[in-house]
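Written below as structure tokens is the structure these notes are about.
The structure displayed is predicted, hence computed values, not measured ones.
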Amino acid sequence: MQKSTRTTEEATVAVQFTDLPNALIACKVAVDLFDDSGVKARFEGLFRSFDPQVQFQYFRSFRRVRISFQDALAAAEARLRLHKTDLNGREMRLYFAQSVHIGGPHLEPPKPDKQFLISPPASPPVGWEQSPDARPVVNYDLLCAIAKLGPGDKYELHTATPTTPSVVVHVCEDDHADSSGPDDSDHDDKPRPPRPKIIQTRRPDFVGGVKQ
């Protein structure tokens with residue numbers, strides 16, 4: 001029974017630490033760590049107690065140090081014990097390094113899912129089809145009603161409501177129509193007013209150049 005319980009505990013520990021990274025990032029470390037060999041030796045000694053084969057990578061411009069361990073268990077234990085501890089008068093903060101997994105030795109180009117949106121447009125994606133244009137809507141009842149109207153008549157399209165006005169189509173009166181031709185829309189014998197005469201603008205008189 002004890003053996004089965006121990007096996008279960010070991011399996012639980014393996015599951016907990018398998019997905020953890022085996023490296024830590026020390027952020028905002030003291031500037032003396034990059035210049036003073038004594039401070040650097042004391043800093044490395046803190047982590048060598050968890051893993052004698054630990055490796056260090058110093059990034060002076062970012063004031064960070066990457067600490068790589070042999071396994072994730074040592075990295076987790078070092079982070080648990082040394083996080084927010086004092087180092088040369090400054091609090092040291094430790095975070096797990098994010099691991100980046102690349103499928104191959106070379107970076108692949110991004111998938112062209114929205115490449116057809118760029119200008120000038122490239123080839124459309126697979127399966128894209130041109131949508132047909134909508135058919136124009138012709139109101140034949142309206143056309144028929146307007147065709148029956150004469151000059152000066154009107155046709156109400158929409159009746160007025162308490163909140164909206166009415167829409168009425170007015171046909172212009174043919175006051176300046178040519179009296180010489182027949183007019184089927186007007187059968188009365190009323191005299192038509194004479195058409196106004198267009199008076200042309202007189203050209204100004206020509207004035208020759210002045211001689212000196």
Side-chain angles (χ1 to χ4, degrees), residues 1-137 163-165:
M1 186 66 180
Q2 294 179 355
K3 184 177 181 181
S4 177
T5 304
R6 184 178 302 176
T7 305
T8 304
E9 294 177 355
E10 292 178 356
T12 303
V13 172
V15 170
Q16 292 177 354
F17 292 99
T18 299
D19 298 333
L20 292 178
N22 61 345
L24 298 176
I25 299 294
C27 301
K28 295 183 179 181
V29 296
V31 183
D32 300 339
L33 178 62
F34 303 96
D35 301 327
D36 194 342
S37 58
V39 177
K40 182 181 294 186
R42 188 165 63 254
F43 173 79
E44 295 180 357
L46 295 175
F47 297 94
R48 294 190 188 278
S49 60
F50 301 95
D51 185 3
Q53 305 297 329
V54 65
Q55 297 179 358
F56 300 90
Q57 294 176 325
Y58 294 90
F59 304 96
R60 182 186 181 90
S61 301
F62 301 98
R63 293 178 58 186
R64 295 184 179 184
V65 182
R66 179 185 176 94
I67 306 102
S68 302
F69 297 86
Q70 295 295 324
D71 54 7
L73 181 61
E77 187 177 0
R79 201 267 178 183
L80 181 64
R81 295 181 179 274
L82 299 179
H83 182 58
K84 292 187 178 182
T85 57
D86 182 77
L87 177 65
N88 200 24
R90 189 176 184 85
E91 186 181 62
M92 179 174 56
R93 295 179 178 268
L94 300 174
Y95 301 96
F96 288 104
Q98 299 294 330
S99 57
V100 179
H101 300 282
I102 301 177
H106 303 286
L107 293 177
E108 298 181 358
K111 296 181 179 180
D113 294 335
K114 298 183 178 181
Q115 197 175 30
F116 63 95
L117 297 180
I118 62 177
S119 180
S123 300
V126 178
W128 181 85
E129 295 181 358
Q130 176 71 35
S131 58
D133 296 337
R135 297 184 60 183
V137 179
T163 57
T164 59

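- In this structure, S49 has no side-chain contact (heavy atoms from CB on, under 4.5 Å) partners at least two apart in sequence or on a different chain.
- Identified under the salt bridge (charged side-chain N to carboxylate O under 4.0 Å, His left out) test for residues 127-136, with sequence neighbours left out: none.
- How far CG of L73 is from CG of N22: 11.5 Å, rounded to the nearest 0.5 Å.
- For the pair F69 and A78, the tightest heavy-atom approach, listed with the atom from each and the gap, is CZ-CB, 3.7 Å.
- Here R66 contributes atom CZ and Q55 contributes atom CD; the two are 10.0 Å apart, rounded to the nearest 0.5 Å.
- Within the structure, salt bridge (charged side-chain N to carboxylate O under 4.0 Å, His left out) contacts touching residues 21-31 (residues at least two apart or in different chains) do not occur.
- Remark: R81 pairs with F50, E77 by the side-chain contact (heavy atoms from CB on, under 4.5 Å) rule, at least two apart or across chains.
- Taking all atoms of both residues into account, the shortest heavy-atom contact from P21 to A75 is O-CB, 4.0 Å.
- At least one donor-acceptor pair under 3.5 Å links the side chain of R63 to the backbone N or O of V29.
- For the pair R79 (side chain) and L94 (backbone), a donor-acceptor distance under 3.5 Å is present.
- Contact between W128 and Q130 at its shortest, heavy atoms only, is CH2-OE1, 3.4 Å.
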Report, one line per pair, each donor and acceptor closer than 3.5 Å where one atom sits in a side chain of residues 36-44; sequence neighbours left out.
unit_1, atom_1, unit_2, atom_2, d
D36, OD1, G38, N, 3.0
E44, OE1, R48, NH2, 3.3
E44, OE2, Y58, OH, 2.7

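- Contacts of R93 classified as salt bridge (Lys or Arg N to Asp or Glu O under 4.0 Å), with partners at least two apart in sequence or in another chain: E91.
- Annotation: side chain to side chain donor-acceptor pair (under 3.5 Å) contacts of T164 (sequence neighbours excluded): T161.
- Pairs of residues two or more places apart, or lying in two chains, never qualify as ring pair (Phe, Tyr, Trp, His ring centres under 6.0 Å) while including a residue from residues 22-41.
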Legend entry - Pair L24-Y95, side-chain contact (heavy atoms from CB on, under 4.5 Å): steps then yes or no: CA-CA 5 Å; L24 298 176; Y95 301 96; over 6 Å; no
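- Residues satisfying the side-chain contact (heavy atoms from CB on, under 4.5 Å) test with D35, not counting sequence neighbours, are V31, R60.
- With sequence neighbours excluded, the residues forming a side-chain contact (heavy atoms from CB on, under 4.5 Å) with Q53 are D51, Q70, listed by chain and number.
- Interatomic distance, CE of M92 versus CG of L33, reported as 9.5 Å (0.5 Å rounding).
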